Amino acid sequence: MPTLRVELFEGRTPEQKAELAKELTAACVRVLGGSPDAVDVLFFDVARQNWATGGVLWSDKQK
């Protein structure tokens, strides 16, 4: 089964991550079959100064 890598800006709560992991796991089981125990979800918190879109850091877009 899959390992899902989720990259998010810092600041999400553990409760939000738990809910997202639950929903992603359910979707994988529904679409791909298999057991929820076989789905891994990895969360990576990224600081806004370490992520750019369109050549602009997200930390600069907040200003």
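Throughout, numbering of the chain's residues begins at 1 and tracks the sequence. These figures come from a predicted structure and were not determined experimentally.
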Between the CG atom in Leu24 and the CD atom in Glu19, the distance rounded to the nearest 0.5 Å is 10.0 Å
What about Phe9 and Phe44, same hydrophobic cluster or not, with Ile/Leu/Val/Met/Phe/Trp/Tyr joined at side-chain heavy-atom distances under 4.5 Å?
no
When every non-hydrogen atom of Cys28 is compared with those of Val39, the smallest separation belongs to CB-CG2, 4.0 Å
Between Gly34 and Val29, the two heavy atoms sitting closest are O-CG1, 3.5 Å
The side chain to side chain contact (heavy atoms under 4.5 Å, CB included) partners of Leu8 (sequence neighbours excluded) come to Val6, Arg12, Phe43
Residues pairing under side-chain hydrogen bond (donor to acceptor under 3.5 Å, both in side chains) where one sits in residues 36-56, two or more places apart or in two chains, turn out to be Lys17-Asp45, Thr53-Trp58
Treating Ile, Leu, Val, Met, Phe, Trp and Tyr as nodes and any side-chain heavy-atom pair under 4.5 angstrom as an edge, say whether Leu32 and Leu4 lie in one connected cluster.
yes
